[in-house]
Amino acid sequence: MAHDAPQATGPSKLVIRNIGLLLSGALEKPILDADTIVAVNGKISAIGRFKDVDTEHATTTVDAHGTTVAPGLIDSHVHPVAGDWTPRQNQINWIDSYLHGGVTTMISAGEVHMPGRPRDVIGLKAMAIFAQRSFWTLRPGGVKVHAGAPVIENEMVEDDFKELAAAGVKLLGEVGLGGVKDGPTARKMVAWARKYGIQSTIHTGGPSIPGSGLIDKDVVLEADTDVIGHINGGHTALPDGQIRCICEGCKRGLELVHNGNERSALFTLRTARQMGDLNRIILGTDAPAGSGVQPLGILRMIAMLSSLGDVPAEIAFCFATGNTARMRALDCGLVEIGRAADFVIMDKAQHSPGKTLLDSVQLGDLPGIGMTIIDGIVRTQRSRNTPPATKVPEIVGH
Ligand SMILES: [Zn+2]
């Protein structure tokens, strides 16, 4: 529940030892041969065998007790508004609850649930800058929320994007949730955003709530956003033929969300696999939404895609970590020297018939989370939300 400052104060050295399985987040090598990670001042400084790495003078030592360490999960599609409160379902502490589901980084797809959301150009720019600033200062539970994602309106001109970028805005909210719903206008503004280093996403599929509209394959392909937001619908998906057209018609990110159509998510996964494009698959919850908030939504997507989509669990974890980090140029998401020391430590849930953590996920069970770490600082221990982990890591020294 603590609202932590972005960085730790003073030098820190974290050692995680006795790691049973180390997931890298990288599709090309999802499992690393190492039992120890060292992080200095919040960044990974060594990965290897305990005897080979410098573990002296640690400020925190975690004994993983043979459990699994993975990069902290990234939710590529959330709708935050202000602080750790969502007006959509009037819930508080939903971000802190996601941390208990292993999510250490979130990307806003637009602060669209703001009561009285301004739609005039100066108002929407002000709101985006406010959201970017406030979520960079406030990190509920330590979770990094990349927010400040304006929803484009027809009256915007190129200078608006230049001004937003100069003020620190790095994202566009879902194209299609505002007044711009046609391909040519979307394409022009997405290109302006890209020119100034602002990433973009689009609402794909049928309307999400009354007042939102249909965005079909022609608009999606013409708009050419960096990420095809919820290609499996939010919640109403496009027909399979249109999903295939989008997969084949561009090389942009294919985002699968929890609050979408599960069958369409599996169809997208199969299509991407046939194309040799699994690196394009990233995961989000698209929450808060009409179906509430899902603290375990990313874990549920991993287990669903692994079990029903026949994807090895270590690959499914990459969809929610390294793939997203690379696509969105984040410094987390991979167990790699120099990256942010953001981790989730898991074990198979108690009484899962799976023999190992990976086996249990491939059988469709959720893992039990035993600890989360952000910027080298332990944030939570045994999760209050997941099924209980069989074994949990332990802090053995400060
Ligand atoms: Zn949407």
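Order of listing sets the numbers, starting from 1, for every ligand and every atom in it. One-based numbering along the sequence shown.
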Scan residues 33-43 for pairs that pass side-chain hydrogen bond (donor to acceptor under 3.5 Å, both in side chains), counting only residues two or more places apart or in two chains.
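Qualifying pairs: Asp33-Arg49, Asp35-Arg49, Lys43-Asp331.
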For Trp85, is the NZ or CZ atom of Arg88 found under 6.0 angstrom from the centre of its six-membered ring and inside 45 degrees of the ring axis?
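Because its charged atom misses either the 6.0 Å distance or the 45° angle limit, Arg88 does not stack over Trp85.
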Around atom [atom1] of [X], are there more than 12 heavy atoms of other residues, nucleotides or ligands at under 6.0 Å?
X      : atom1 : result
Arg133 : CZ    : yes
Ile92  : CD1   : no
Lys170 : NZ    : no

Number of protein N, O or S atoms [distance to the Zn ion (ligand 1) under 2.8 Å]
3
Are any non-hydrogen side-chain atoms of Ile369 and Leu299 less than 4.5 angstrom apart?
yes
